[in-house]
Structures are given as C-alpha cells and as structure tokens.
Amino acid sequence: MALSEQELVRRNSLNELRKLGINPYPAEGYVVNVTASEIKEKFLADNTLFQEVSIAGRIMSRRIMGAASFVELKDSTSRIQLYFKRDDVCPKEDKTLYNTVFKRLLDMGDFIGVTGYVFTTKMGEISIHVTSFRLLSKALRPLPVVKEKDDKTFDAFTDPEMRFRQRYVDLIVNDPVKEIFIKRTKIINSMRSFLNDHGYLEVETPILQAIPGGASARPFVTHHNSLDIPMYLRVANELYLKRLIVGGFEGVYEFAKDFRNEGMDRTHNPEFTQMEIYVAYKDYNWMMSFTESMLEKIALDVHAKTDVVFEKNTISFKAPFNRVPILQAIKDHTGIDLNGKSAEECLEAAKSLGIEVDESMGKGKLIDEIFGEKCEHHYIQPTFITDYPVEMSPLCKRHRENPELTERFELMVNGKELANAYTELNDPIDQLERFEEQVRLAEKGDDEAMWIDTDFIRSLEYGMPPTSGMGIGIDRLVMFMTNNSSIQEVLFFPQMKPEPKKFIPKPEDFITIGVPQEWANYVIAAGFSSTKELKEQKASKVHQILNGYRKKNKLDIPALKIEEVEAWF
RNA sequence: GAUUUGGUAGCUCAGCUGGUAGAGCAUUUGACUUUUAAUCAAAGGGUCCUGGGUUCGAGCCCCAGCCAGAUCACCA
C-alpha cells in the first residue's frame with residue numbers, strides 16, 4: 001500500500017528532526033512529577049502550587065497563533081492544555097525549536113515531555129505555561145480527529161470495526177472507553193477481595209484439556225505434537241475445581257477464560273471469562289445469599305450505590321434478591337401449573353402457549369423452553385430462578401424434596417442469565433448415570449460429541465463433601481455494571497475475523513526480474529502489485545501500460561523499449 | 001446459518017434519472033503573542049471494499065464474494 005500524503009509528510013518530518021540532531025525515539029525515560037488530573041484537582045484551590053511541573057503525554061490538538069500556541073496534552077489520567085510562547089521556549093536568538101521543530105515537525109499524536117508552570121488563561125482554563133519541551137516519540141500515522149464543544153462530540157470515531165480492530169486508537173481518541181476497562185478491573189478486584197476475605201483459595205486449572213467437560217458446548221480443537229493426540233480448549237473448569245474439593249480444599253475459585261466454538265454475536269465471544277467457585281459443606285441456599293451479597297458489594301465498590309442503570313432500567317443489586325422456583329415462574333406468567341404433570345401434559349401446555357415443540361423433547365426440555373419463551377424476559381431485577389428439571393442439569397444434585405428437580409439456581413438480571421449454581425452432585429453412581437444419559441441424548445441429536453470424564457467420576461468415588469458451586473459470567477457482569485449491551489464493548493480485543501492481508505508490493509521484487517531501478521516504483525504505481533500479476537500480461541501490453549503511465553505522469557525518464565520489457569518475462 | 005443495512009480522502013459523511021468524485025475537520029503554505037470545534041487566505045489529497053456483468057459510459061444498475069453492524073435462529 002502506498003503511504004498517504006499525511007504519512008509521507010510525517011516521515012519527512014522524522015528525517016528533518018534527525019538532521020537537526022533530534023532523536024524522534026529517544027532511549028532515556030522522562031521524569032514526570034505530576035499528572036494532568038492532579039493539576040486540575042488541586043490548582044483551583046491553591047494557585048501557588050505546580051510552579052515547576054514536568055509532565056509527559058500525547059498531543060491531542062494544536063491551535064497555533066504565530067508566536068504562541070495552545071496544545072492539548074493527554075496523559076494516562078486526563079487532558080491538560082499547554083501554552084507555548086516562542087520567546088519562552090527559545091529565549092535566545094535561534095527560534096528553530098519553536099518555528100521549525102514545534103510548529104512544523106511535531107504533529108497531533110506525538111508524545112512530548114514538557115516543563116513549565118501552571119496558570120489560568122483569560123478563558124479560565126487551567127494550563128501549563130511551557131518553558132521547555134522534548135520530543136519523546138513521533139507518531140507516523142494520523143489519529144482520527146475528534147473535537148468537542150459544550151459536551152457535543154464532532155466527527156466521533158465510531159466505526160465499530162475500526163474501534164475493535166484498532167482498540168488502541170479507540171482508547172486514545174474515545175476517553176469513555178478507558179473508563180469501561182478501569183471499571184472492569186475494579187469489578188474483578190472487588191470480587192476477588194470478597195472471595196479472599198471469605199478465606200477461599202484462588203487456583204489455576206488446565207486450559208488445555210484432553211476431555212473438555214463441565215458444559216455441553218462445542219470446544220476448540222488443537223493438537224499436541226509429541227503426544228500426537230487432539231487436545232481441547234476448556235469450555236468450563238467445573239470438573240477440575242471439584243477435584244480440588246475432593247482433594248480437601250474448603251473453597252476454591254478461579255477466574256477462568258473459557259472457550260466455546262459457537263456463534264458470535266452481541267453477547268457471545270468465542271473466549272469469555274467466568275468466575276467459578278466451589279465451597280464444601282454448603283448448599284445452593286447458602287450460595288444464593290453468598291452471591292447476592294457479593295454482587296451488592298461489587299455494585300457498591302464500583303458505583304457507591306446499589307442501583308445501577310442499564311439501558312432503560314434501573315437495576316437494584318441490594319440484597320436479598322427474589323427467589324422463584326421455575327415452576328412457580330411458569331405459573332406466574334402463563335397461569336399453568338406444571339407441578340407433578342407428566343411429559344405429555346407438559347407437551348400440551350407448551351403447544352397451547354404457541355411454543356415450537358417436537359416429540360423428542362423431554363419434560364425438562366419443555367419446561368426450559370416455556371421458561372425461556374414466556375418468563376425469562378420478565379426478570380429485570382436480580383432474581384434467583386430455582387429448582388430446574390433434572391434433565392437440564394447433569395452435574396447438579398436432585399432436589400431434596402422432589403427427585404425430578406435439582407437444587408439449582410440461575411440468577412436472572414435484565415432478563416438474562418448472569419450466574420448459575422448448584423448443590424453439586426457428589427453421588428458418583430448417579431453422576432455416571434447422568435453422564436451416560438447425556439451421551440444417549442447427544443447421540444439422538446448427534447450434533448455434539450460428548451465425553452465422559454472417567455477420572456472425574458473416579459475422584460467422586462473417593463468421596464466429595466457436600467458442596468455448592470457457582471459460576472458467574474464476568475463479561476456479562478461488566479456489561480451490566482457499565483451499561484453496555486454489547487460484549488465487544490467490555491473486551492479489549494473482541495474476536496474479529498482476520499483482516500484480509502494486504503499485499504504490499506516491494507520494488508525490489510521487480511528489480512529482481514530485471515525492471516530498472518528508476519522504473520520499479522512506477523511499475524507498482526501503474527497498477528502491478530506483484531511480478532506474477534505483471535507476467536500474466538503480454539509483454540506488449542505491459543510495455544503499453546507503462547509507457548502510457550510515463551506519458552500521463554510526464555515522468556522524466558526514458559521510455560521503455562519493447563525488448564527491455566520482453567526481457568522481464 | 002437466515003434476513004437486513006452499510007463499506008467513497010487520514011477521520012466523519014454527502015453524492016442527482018447512470019454522464020469528468022464533493023463538504024467539514026485533518027494535511028501543506030502564508031497571516032496572527034491567552035486560544036479552545038480558534039480564526040482568516042490559498043493549495044494538495046481518491047484502487048468509490050474486491051471480482052465479474054449490463055451500457056457508448058457505472059460510486060450509482062445486475063450477479064458473485066469479502067468485512068462489519070443490527071435483527072432472528074443456534075447455544076442442556
């Protein structure tokens with residue numbers, strides 16, 4: 001790709017700087033004694049402060065008025081205005097540093113370090129009067145220019161494709177984006193300290209697994225060369241964490257990157273983060289209280305209040321949350337009581353509600369469909385939906401009062417699942433049967449391979465204490481806490497299809513096949529991006545095109561002879 | 001996977017019934033010593049996503065593809 005005019009200008013500036021003895025990429029660090037936000041916070045109260053500051057950052061805009069200029073400098077905390085005055089920056093005769101280096105060779109996007117003193121301009125803006133400056137790093141690509149006035153943004157950099165592919169540009173130019181990720185880390189830190197305060201141990205378990213268990217999702221497959229076996233990226237870490245409970249830990253948790261080889265959309269990324277926790281001697285009732293107090297704390301840590309605005313709704317994370325058994329939820333929203341009903345009766349109920357069904361659906365599946373279709377979206381405020389049918393929950397203990405149900409809850413927020421928890425199944429014989437049942441179901445459907453993790457069964461055979469486990473989607477939680485409805489907004493680098501590789505033709509390639517030095521660049525400019533492409537044409541045609549190009553652009557080089565061109569083939 | 005919208009200058013976007021491609025900002029040159037979407041004057045800048053087709057002629061129409069967004073489906 002040919003460089004744009006602006007890129008060429010900047011590369012020229014780079015050379016000119018070097019000629020002036022200025023290294024555009026100096027090795028040494030730059031000592032800073034203040035940040036932009038510190039100045040803005042404290043200077044108003046006491047304007048004797050900050051009379052010898054040293055600060056570094058990126059130039060975000062420039063307003064040049066002859067011998068004086070204003071620059072907007074952005075450091076990691078904020079933006080602050082700089083005031084450059086020629087005779088202060090260049091006190092002696094030689095004004096090169098201002099006239100040439102600052103005005104002509106620096107650009108928006110460059111990093112500089114400046115020293116000076118803070119003052120307030122006539123317009124009332126806190127600024128730094130610069131006494132000296134140094135180039136710290138030259139930018140060769142122009143940034144998108146985003147301007148603001150009265151909280152209105154002009155020419156915002158909004159193209160999602162570019163924002164996600166070039167997140168660094170997004171972060172430079174769109175200040176609120178940074179806030180999302182600062183909050184993300186706050187949320188994770190808050191959760192981690194809550195878990196640690198309870199004395200639970202943060203652990204790490206394998207991401208690369210021979211058997212991808214713990215959830216029925218399609219895995220990514222890779223290959224181990226020396227073992228010569230397929231390996232899988234984990235879809236969940238549940239089975240490993242439970243092994244650790246077997247091993248004698250009381251409570252273990254992991255912030256896990258999981259990978260699922262399924263569709264991508266506004267709420268699904270192939271890799272995503274879940275926190276899973278398992279605690280011995282607890283049941284799902286305890287886990288509900290634990291989960292709600294954890295979320296309440298996170299909301300307080302992040303927003304200093306329990307009310308969080310998400311889209312059109314205000315969501316209250318104040319504990320306790322409502323608890324509704326799934327059959328009660330269906331009764332509430334459809335008037336149909338499925339308690340104790342047969343599979344046929346459930347099928348009829350689903351049909352009467354206009355839900356698409358097929359005869360192979362079991363009772364559990366039907367209940368899940370009805371809930372998903374008719375109830376789920378009603379639960380805007382955090383609500384624990386409990387006691388799911390046993391078919392849907394192969395790793396969950398049967399309900400102590402009703403063996404068709406399980407001791408499971410899903411936490412619904414804004415009509416979406418945020419967390420999922422069980423009283424864990426620790427009966428190894430029941431567990432094996434449930435796995436086998438899953439395999440049987442999967443074979444019927446035949447679209448997903450299923451694995452039985454026999455080592456996990458073996459671990460249960462040694463005995464696992466009664467345990468409750470919970471998984472919570474961190475990306476979704478961050479979406480709620482930052483009011484973003486797209487998962488891509490809360491991941492630094494959401495998965496995108498690879499950019500098509502732009503082929504960059506090199507003049508040397510053409511020289512190799514015999515194109516004269518002075519012609520090499522023009523051959524590319526004339527439209528031949530590879531030697532192969534050139535050779536696909538007839539020599540006479542190439543001859544014609546190139547001499548046509550020479551004539552059109554009035555090139556000051558001799559025309560090519562047909563024999564010369566033929567020699568390239 | 002289906003439907004749908006979009007892809008034009010560094011960025012944000014116009015572009016007529018199909019007839020030599022436009023604006024603002026940015027860039028370059030010049031003026032300007034407290035501006036703030038700075039201002040004023042002039043100039044340069046394009047593989048109109050890619051490949052085919054229709055046409056005397058395609059940014060625009062047709063077909064195929066690529067990338068992205070939205071909606072839906074799938075996801076115990």
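Below, chain A is the first sequence line, B the second, and so on; all start at residue 1. These values consider heavy atoms only, across backbone and side chains, with no hydrogens, waters or symmetry-generated copies. All values derive from a computational prediction rather than experimental measurement.
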Test ring-ring contact (aromatic ring centres under 6.0 Å, His included) applied to A:Phe493 and A:Phe164, step by step: CA-CA 6 Å; A:Phe493 302 103; A:Phe164 300 149; over 10 Å; no
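Of the candidates B:A68, B:A37, B:U36, the closest approach to any side-chain atom of A:Pro160 belongs to B:A68. Here the nucleotide nearest the side chain of A:Gln6, chosen from B:U33, B:G10, B:C25, is B:G10. Closest to the A:Phe154 side chain, of the nucleotides B:A68, B:A37, B:U36, is B:A37. Listed candidates were B:A70, B:G10, B:U34. Nearest to the side chain of A:Arg266 is B:A70. Among the nucleotides B:C11, B:U34, B:A76, the one closest to any side-chain atom of A:Met162 is B:C11. The side chain of A:Phe157 lies closest to B:C11, out of B:A76, B:C11, B:A68.
The residue A:Glu5 sits close to a base: some heavy atom pair falls under 4.0 Å. Residue-level contact check: A:Gln488 touches the backbone only, with heavy atoms under 4.0 Å from sugar-phosphate atoms and none from bases. Contact annotation for A:Ile64: base contact, defined as any heavy-atom pair under 4.0 Å involving a base atom. Nucleic acid contact class of A:Asn420 (heavy atoms, under 4.0 Å, all strands): none.
For the residue pair A:Ser127 / A:Thr121, no side-chain donor-acceptor distance below 3.5 Å is found, with atom types taken as modelled. In this structure, a donor-acceptor pair under 3.5 Å is absent between the side chains of A:Asn269 and A:Gln495.
Look at the P atom in both B:U47 and B:G53: the space between them is 22 Å, to the nearest Å.
For A:Gln81 and B:U35, a side-chain-to-base donor-acceptor distance below 3.5 Å is present, hydrogens and geometry of angles not being considered.
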